[in-house]
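Worksheet: the structure to be examined is printed underneath.
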Amino acid sequence: MSFSQRTRLCGDLRAEHAGQEVVLNGWAHKIRDLGGLTFVDLRDRSGIVQMVIDPAKLDPKEIRSECCLAVRGKVALRSEETRNAKMSTGDIEIVVDAFDILGPAKPLPFPVSDEDQMRSVNEELRVKYRYLDLRRPSMHRKLALRSAAVTKMRRYLDERGFYEIETPIFTKSTPEGARDYLVPYRLEPGKFYALPQSPQQYKQILMVAGMERYYQIARCFRDEAQRADRQPEFTQLDMEMSFVTQEDVLQLIEGLGVTVTNELIAEFGMDLEPIEPFFRLTYDESMARYGCDKPDLRFGLEIFEITDHVRESGFGVFKNAVEAGSRIRGLRYPGGSILSRKDVSGLEDFCKEYGAKGMASFYVAKSADDGEGVISLPNGMFVRGGCSKFLSESELLSILSEAKSEPGDLLCFIADEYAAGNNVLYRLRNEIGSRCGLRDPRKLKFGFVLDFPLVEWNPEGGRWDSVHHPFTAPKAEDLQYLETDPGKVRADCYDVVCNGAEWASGSIRINRPDVQARIFHLLGIDEATQQARFGHILEAFQYGAPPHGGIAPGIDRYIMFLLGEDNIREVMAFPKVGSGYDPFMDAPSPIDPMQWAELGLRLS
RNA sequence: GGGGGUGUAGCUCAGUGGUUAGAGCGCCGGCCUGUCACGCCGGAGGUCGCGGGUUCAAGUCCCGUCAUCCUCGCCA
């Protein structure tokens, strides 16, 4: 089959092309039939151009929305009054001499050419008709950005001596972490491959194999509940390096992040400030100041602590909590003094959703007559309401000082055990940040969170679990506590966070069998289990394993940051819906009875 | 696994227990030579997610169920 092949792209045409004969290929974007004259906007990947058809010469009736066209015509300058300044091709139009419908189109399930209306179209429908949804220029731009991002990452790593190496998709289940997706093995019913949750073990083996610098745009599979930012399959830029320290890995990823991000911001004309060098926080600092290990540093609002100031307080809630071992910490809500009692009560309910027992608070008034029951303090400040009347003058002064409070604030307090309180304060801080509009949408605040603990106590299991994974190296100076005080051992383990979300996670790995053995002992993984699960990698490590480490940033999430998208579906070509269902392919779907038999499977 | 929201025309949504369930856009037909959200006239189009129940009467109330979106748990 032949067709009239294009000589130009729609979006490239300008006044300078006036008079030229062109052939264009594309889709009918919008059609305006005026009777004696028909306009059709033709769209290809490059943009949109208006065509004019004279029905006296050509019948335009067969042209329907989103049909695929080949068009022959002449570029004509539009008259002054008919130019469209809103279109980059608006100075010209194509006077059509002939057209072919290369692919006719049925009526559409949703208004493809109307970006405004598309914003509210049902998500499942968009996924089901993804090939139509993706025709939209806004969706094209997302995938173009993603393509450019991956290209830049590849180039950055290639220039630094990395090999791109593929690792298997059919691999072995390691029953730690997330649930595996499994693939039955036909030759021996009852045996299964697992799809990789990440290429973790392969990339370490590549270091044992002397590859020294590896990366891969790696698909990862995890069978867990979905979220707005999670899909059952997602993509990581997986990396590993030999003979490196933690600092080497950090500098590599920071260099990559800053370079690629700032190039993309410039090339795509994104409404974002160039990103700065990554901030650095230790895990302990991050927890103390922001209540979490992925702080949003687009705004300040740090957690303050007043435990020592209210130890003997007349306010029973605080005093009793401290006696019970809780800590009293809080956040300032800038401008929160205008909140009604009902608003504050709503804020307290918010905290309770995250497990808080309650939330104490008081207003920092602007003057002595700013509301009822104002207490004047000797430093010239005023407080009122909430628990202020139960606190002594010196307690109030200490609290205002710790909170770095300003007139007009609402001060919020959470009394709880450290970890539980952190969770509440983390959520509350983000909530206040949102309510006060403190998240600048033009900022991307990338940074490192360092020195994660090696293990954490699992109360249900009654054992120590790896915070990262069992191959994570303990810090050399903390090795001495491995048996005596495991919770105190920090790891050479690091995250990169951005705007309150985790971007990348990585660590220096254990390369010495004796240390690995101590870790397995700590984690309660006995010899037999070690052999069954990790025998292959443990043996590999007995043949001269180099010191090595790596990191793996999420590609999908990166594009979400750049675009300010809240949903991962928006940055993937073919996402699944929340249940893991693909409404286009109708997957998963039943298999033929023959296939059951062949695999030696049946439902219980 | 838990919580919340949504489900009515192709799409987005209205719809007080009571007549033949509506609107905008889209679609189909007609008119229209400068539109770019074209305009005007006419028309077709409904398993009110599904199943049960209450009621003289259910899109509307109740119970169950399914799907979807968000969320808590979960995600080494």
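Both backbone and side-chain heavy atoms feed into the values below; hydrogens, waters and symmetry mates do not. Throughout, a chain's letter reflects where its sequence line sits, starting with A, and its residues are numbered from 1.
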Contacts under 3.5 Å, N or O only, protein and nucleotides 9-12 of chain B:
| unit_1 | atom_1 | unit_2 | atom_2 | d |
| --- | --- | --- | --- | --- |
| B:G10 | O2' | A:Pro109 | O | 2.9 |
| B:C11 | O4' | A:Pro109 | O | 3.3 |
| B:U12 | OP1 | A:Asn122 | N | 2.7 |

Using nucleotides 37-40 of chain B, report all nitrogen or oxygen pairs with the protein that are shorter than 3.5 Å.
| unit_1 | atom_1 | unit_2 | atom_2 | d |
| --- | --- | --- | --- | --- |
| B:A37 | OP2 | A:Lys86 | NZ | 3.4 |
| B:C38 | N4 | A:Asp33 | O | 2.3 |

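Between A:Arg569 and A:Glu123 there is a salt bridge, since at least one side-chain N of the basic residue sits less than 4.0 Å from a carboxylate O of the acidic one. Here A:Asp41 pairs with A:Arg32 in a salt bridge; the nearest charged N to carboxylate O distance falls below 4.0 Å.
Taking a pair to require two hydrogen-bonding distances under 3.5 Å in either a Watson-Crick or a G-U wobble arrangement, B:U19 remains unpaired. For B:G45, there is no paired nucleotide, since no Watson-Crick or G-U wobble pair has both relevant distances below 3.5 Å. Of all nucleotides present, none satisfies the Watson-Crick or G-U wobble test against B:U54 with each distance under 3.5 Å. Applying the Watson-Crick and G-U wobble criteria (two distances, each under 3.5 Å), B:C36 pairs with nothing in any strand. Applying the Watson-Crick and G-U wobble criteria (two distances, each under 3.5 Å), B:U68 pairs with B:G5.
Distance from the side chain of A:Pro107 is smallest to B:C27 among B:C27, B:G73, B:C70. Among the nucleotides B:U35, B:C74, B:U68, the one closest to any side-chain atom of A:Ala225 is B:C74. Closest to the side chain of A:Ser579, from the set B:U68, B:G73, B:C70, is B:U68. Side-chain proximity of A:Arg569 to the nucleotides B:U68, B:C69, B:G73 is greatest for B:C69.
Using a 4.0 Å heavy-atom criterion, one finds that A:Ser507 contacts no nucleic acid atom at all. No contact: A:Ser79 has no heavy atom under 4.0 Å from any strand. Across all strands, A:Glu93 comes closer than 4.0 Å to base atoms (heavy-atom distances). Residue A:Asp223 is out of contact with every strand shown, counting any heavy-atom pair closer than 4.0 Å. Residue contacts shown for A:Gln200 include a base, since a base heavy atom lies under 4.0 Å away.
Under the 30°/60° scheme for interplanar angles, the aromatic rings of A:Phe446 and A:Tyr558 are found to be tilted. Using the six-membered ring where Trp is involved, A:Tyr131 and A:Phe584 have ring planes that are perpendicular, over 60° apart on the 30 and 60° scheme. Using the six-membered ring where Trp is involved, A:Tyr283 and A:Phe452 have ring planes that are tilted, between 30° and 60° apart.
When each of A:Leu563, A:Ile555, A:Asp229, A:Thr235 is checked for a side chain to side chain contact (heavy atoms under 4.5 Å, CB included) with A:Val571, only A:Leu563 meets the rule. Tested against A:Leu134, the residues A:His140, A:Met139, A:Lys142 include a single side chain to side chain contact (heavy atoms under 4.5 Å, CB included) partner, A:Met139.
Distance noted for atom C1' between B:A21 and B:A14: 11 Å (whole Å). Taking the P atom of each, B:U16 and B:G7 are spaced 13 Å apart, rounded to whole Å. Distance noted for atom P between B:C75 and B:G17: 46 Å (whole Å). Between B:C56 and B:G2, the distance separating the two C1' atoms is 41 Å to the nearest Å. Here the separation of B:C13 from B:C48, taken at their C1' atoms, is 13 Å to the nearest Å. For the P atom pair drawn from B:G49 and B:G10, the interatomic distance equals 13 Å after rounding to whole Å. Only the P atoms considered, B:U20 is 23 Å distant from B:G24, to the nearest whole Å. Atom P of B:G59 sits at a distance of 14 Å from the matching atom of B:G22, rounded to the whole Å.
Counting heavy atoms from C-beta outward, A:Glu233 and A:Met572 have side chains that stay 4.5 Å or more apart.
B:U68 atom P lies 12 Å from atom CG of A:Asp582, rounded to whole Å. Atom-to-atom, CD1 of A:Ile568 to C1' of B:C69 comes out at 16 Å; the value is rounded to the nearest Å. At whole-Å resolution of the value, CZ in A:Arg119 and P in B:C13 are 13 Å apart. In this structure, A:Met118 places its CE atom 12 Å from P of B:C13, rounding to the nearest Å. If you take CG of A:Asp91 and C1' of B:C36, they are 14 Å apart, rounded to a whole angstrom. The distance between atom OH of A:Tyr354 and atom C1' of B:C72, rounded to the nearest whole Å, is 8 Å. Atom C1' of nucleotide B:U71 and atom CG of A:Asp229 are separated by 12 Å, given to the nearest angstrom. To the nearest angstrom, C1' of B:A67 lies 18 Å from NZ of A:Lys576.
Heavy atoms from other residues, nucleotides or ligands lying under 6.0 Å from OH of A:Tyr418 number more than 12. Residue A:Gln531 places its CD atom among more than 12 non-hydrogen atoms of other residues, nucleotides or ligands, all under 6.0 Å distant.
Heavy-atom distances under 4.0 Å link RNA chain B to A:Gln50, A:Arg64 of residues 43-64 of chain A, given in residue order.
The base of B:C75 is paired with the side chain of A:Arg230 by a donor and an acceptor separated by under 3.5 Å. The base of B:G34 has none of its N or O atoms less than 3.5 Å from a complementary donor or acceptor on the side chain of A:Arg83.
Contact between the side-chain N/O atoms of A:Arg427 and the OP1/OP2 oxygens of B:U71 is not found at any separation under 4.0 Å. For B:C72, the OP1/OP2 oxygens have no side-chain nitrogen or oxygen of A:Asn423 closer than 4.0 Å. In this structure, A:Arg78 does not reach the B:U35 phosphate: none of its side-chain N or O atoms is under 4.0 Å from OP1 or OP2.
Remark: A:Leu237 CG to A:Tyr215 OH distance equals 8.0 Å, nearest 0.5 Å. The OG1 atom of A:Thr171 lies 9.0 Å from the CG atom of A:Leu195; values are rounded to the nearest 0.5 Å.
Judged by closest nucleotide on RNA chain B, A:Met87 is the one of A:Ala228 and A:Met87 placed further toward the 5' end.
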| request: May I have the step-by-step check of side-chain hydrogen bond (donor to acceptor under 3.5 Å, both in side chains) for A:Asp33 and A:Thr38, ending in yes or no? | output: CA-CA 4 Å; A:Asp33 179 0; A:Thr38 296; 3.2 Å; yes
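A centroid separation of 6.0 Å or more is found between the aromatic rings of A:Tyr354 and A:Tyr426.
At a cut-off of 3.5 Å, with distance as the only test, a side-chain donor of A:Tyr214 or A:Asp238 sits close to an acceptor on the other residue.
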